[in-house]
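For the single chain, residues carry numbers from 1 onward in sequence order. Small disclaimer: the values here were computed from a predicted structure and weren't measured.
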Amino acid sequence: MKFAALIALGLVASAAQAEVIVAADYVNPTERYAHGILGDKIEFAGLRVTLSNGAERTAIWPELVVFEDTNPRLVDLDGDGAPEVITVESHALAGARLAIWGIDATDRLVPYAHTEFYGTPFRWLAIAGAADLDDDGFAEIAYIDRPHLAKRLMVWRYRPQGASTGTLELVATQDGLTNHRIGERDIGGGLRRCDNGLEIITANADWSRVIASRLVDGAIATDDLGPHSGRASLDAALGCQDI
Ligand SMILES: [Ca+2]
Ligand SMILES: [Ca+2]
């Protein structure tokens, strides 16, 4: 009798489980943030996610903020097996910030965490990737801080605080790295896992070398992989090939 009651409880719990995000895209193109760093003057006012039951949820920023990014990235940041959405948001008066979105227990699309806006318009960041870079059980998000100016790799750790919110903590930085030039429509490099664990692939500051960066004991360790010769060399590095 006790056993039957436990099984019934299990069924109820699984029926009440929230949907998961299976896709995300930027929607509602707008020219209201005239930065043009990604090859045109079009950014996006909205973030749309598709849930596992086929339903869609959309968040639309009012006038001052846009999504300024190549595409939203789905990565499980809080370790519950379902992805969150990594975005870059830019404010007309204050420039970009890293922003994490997800769905809450009632399947609403809600902000989970964000960094601070730069404080100056037209300051941008280019996402390199997100994963548990140092095997400490928490996911990190890596991006290049102002890829045309500062050229600094920054790694932030996401710490869940409850089911649908969390904090972002700066873990490590490394100067002299970049992954985007003005006007390019894509971001070069990304994450790879070859013989050396998880590595962040970028160019160096003057685009002459391909660099692999690892998060080790709270600091960045870099390896020079060879000469940079356009996206092909970054793609070769991502594919664990010699360059
Ligand atoms: Ca998750
Ligand atoms: Ca970690």
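- Taking the side chain as every heavy atom from C-beta outward, Arg146 and Leu125 never approach each other to under 4.5 Å.
- In this structure the side chain of Leu38 reaches within 4.5 angstrom of the side chain of Trp124, judged on heavy atoms.
- Ala130 and Val75 get closest at one heavy-atom pair: O-CG1, 3.7 Å.
- Not counting sequence neighbours, Tyr118 has no partner by the ring pair (Phe, Tyr, Trp, His ring centres under 6.0 Å) test.
- Shortest non-hydrogen contact noted between Asn204 and Thr178 is O-CG2, 3.5 Å.
- Put simply, the side chain of Leu98 reaches to within 4.5 Å of the side chain of Ile127, judged on heavy atoms.
- Tested against Val49 for a side-chain contact (heavy atoms from CB on, under 4.5 Å), the candidates Val20, Asp107, Leu109 yield a single pass: Leu109.
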Quiz item: Hey, mind stepping through Arg209 and His228 against side-chain contact (heavy atoms from CB on, under 4.5 Å) and telling me if it holds?
Solution: CA-CA 4 Å; Arg209 310 294 298 177; His228 174 265; 5.5 Å; no
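- More than 12 heavy-atom neighbours from other residues, nucleotides or ligands sit within 6.0 angstrom of CG on Asp206.
- Using a cutoff of 4.0 Å between basic side-chain nitrogens and carboxylate oxygens, Arg108 and Asp104 are scored as salt-bridged.
- Applying the side-chain contact (heavy atoms from CB on, under 4.5 Å) test between Leu133 and each of Val171, Val155, Ile220, Val216 identifies Val155 as the sole match.
- Expressed to the nearest 0.5 Å, how far OG of Ser52 lies from CD1 of Ile21 amounts to 9.5 Å.
- Between Asp132 and Gly137, the closest heavy-atom pair is OD2-N, 2.8 Å.
- Within the 4.5 Å cutoff, side-chain heavy atoms of Val85 are placed close to those of Leu74.
- The OG atom of Ser90 sits 11.0 Å away from the CZ atom of Arg32 when rounded to the nearest 0.5 Å.
- Looking only at side-chain heavy atoms (C-beta outward), Tyr158 and Thr167 stay at 4.5 Å or farther from each other.
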Quiz item: Between Ile211 and Ile201, is a side-chain contact (heavy atoms from CB on, under 4.5 Å) present by the stated rule, with each step listed?
Solution: CA-CA 6 Å; Ile211 307 294; Ile201 301 299; over 6 Å; no
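- In this structure, the side chain of Arg185 engages the main chain of Gly39 through a donor-acceptor pair within 3.5 Å.
- Residues forming a ring pair (Phe, Tyr, Trp, His ring centres under 6.0 Å) with Tyr26 (at least two apart in sequence, or on another chain): Phe67.
- In this structure, Asn53 places its CG atom where more than 12 heavy-atom neighbours from other residues, nucleotides or ligands lie under 6.0 Å away.
- The shortest side-chain heavy-atom distance between Leu177 and Ser213 falls under the 4.5 Å cut-off.
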Practice problem: Take Ile144 and Arg152 through the test side-chain contact (heavy atoms from CB on, under 4.5 Å) and record every step on the way to the result. | Solution: CA-CA 5 Å; Ile144 298 293; Arg152 176 183 297 128; 6.0 Å; no
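- For Thr173 (side chain) and Met154 (main-chain N/O), no donor-acceptor pair under 3.5 Å exists by modelled atom type.
- Inter-residue side-chain proximity for Phe117 and Val65 is flagged as met; some heavy-atom pair is nearer than 4.5 Å.
- Atoms CG and CD1, from Leu77 and Ile86 in turn, are 4.5 Å apart once rounded to the nearest 0.5 Å.
- Both cation-pi conditions hold for Arg181 and Trp207: the charged atom is under 6.0 angstrom from the six-membered ring centre and inside a 45 degree cone around its axis.
- Rounding to the nearest 0.5 angstrom, the gap separating the CD atom in Glu68 from the CZ atom in Phe122 is 8.5 Å.
- Among all heavy-atom pairs drawn from Ala212 and Leu225, the shortest one is CB-CD1, 3.8 Å.
- Between the side chain of His35 and the backbone N or O of Ile37 there is no donor-acceptor pair closer than 3.5 Å.
- Relative ring orientation between Trp101 and Trp61 is described as perpendicular, the plane-to-plane angle rising above 60° on a 0-90° scale split at 30° and 60°.
- The structure places CZ of Arg97 at 7.5 Å from OG1 of Thr115, a figure rounded to the nearest 0.5 Å.
- Ion pair Asp186/Arg231 flagged as a salt bridge, since at least one NZ, NE, NH1 or NH2 atom sits closer than 4.0 Å to an Asp/Glu carboxylate oxygen.
- Ion pair Arg157/Asp134 flagged as a salt bridge, since at least one NZ, NE, NH1 or NH2 atom sits closer than 4.0 Å to an Asp/Glu carboxylate oxygen.
- Atoms CZ and CD1, from Arg73 and Ile100 in turn, are 10.5 Å apart once rounded to the nearest 0.5 Å.
- Considering every non-hydrogen atom in both Leu153 and Ala142, the closest pair reads CD1-CB, 4.1 Å.
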Quiz prompt | Residue pair Asp76, Glu84: steps toward the side-chain contact (heavy atoms from CB on, under 4.5 Å) verdict | solution = CA-CA 5 Å; Asp76 179 17; Glu84 283 67 52; 3.4 Å; yes
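- Salt-bridge annotation for Arg214 and Asp223: present, with a side-chain N of the basic residue lying under 4.0 Å from a carboxylate O of the acidic one.
- Asp235 places no side-chain N or O within 3.5 Å of a backbone atom of Gly239 that could act as its donor or acceptor partner.
- Salt bridge status for Arg159 with Glu169: present, with a side-chain N to carboxylate O gap under 4.0 Å.
- When all heavy atoms of Leu47 and Ala24 are compared, the closest pair comes out as CD1-CB, 4.4 Å.
- Between Glu199 and Arg192 there is a salt bridge, with a side-chain nitrogen of the basic residue lying less than 4.0 Å from a carboxylate oxygen of the acidic one.
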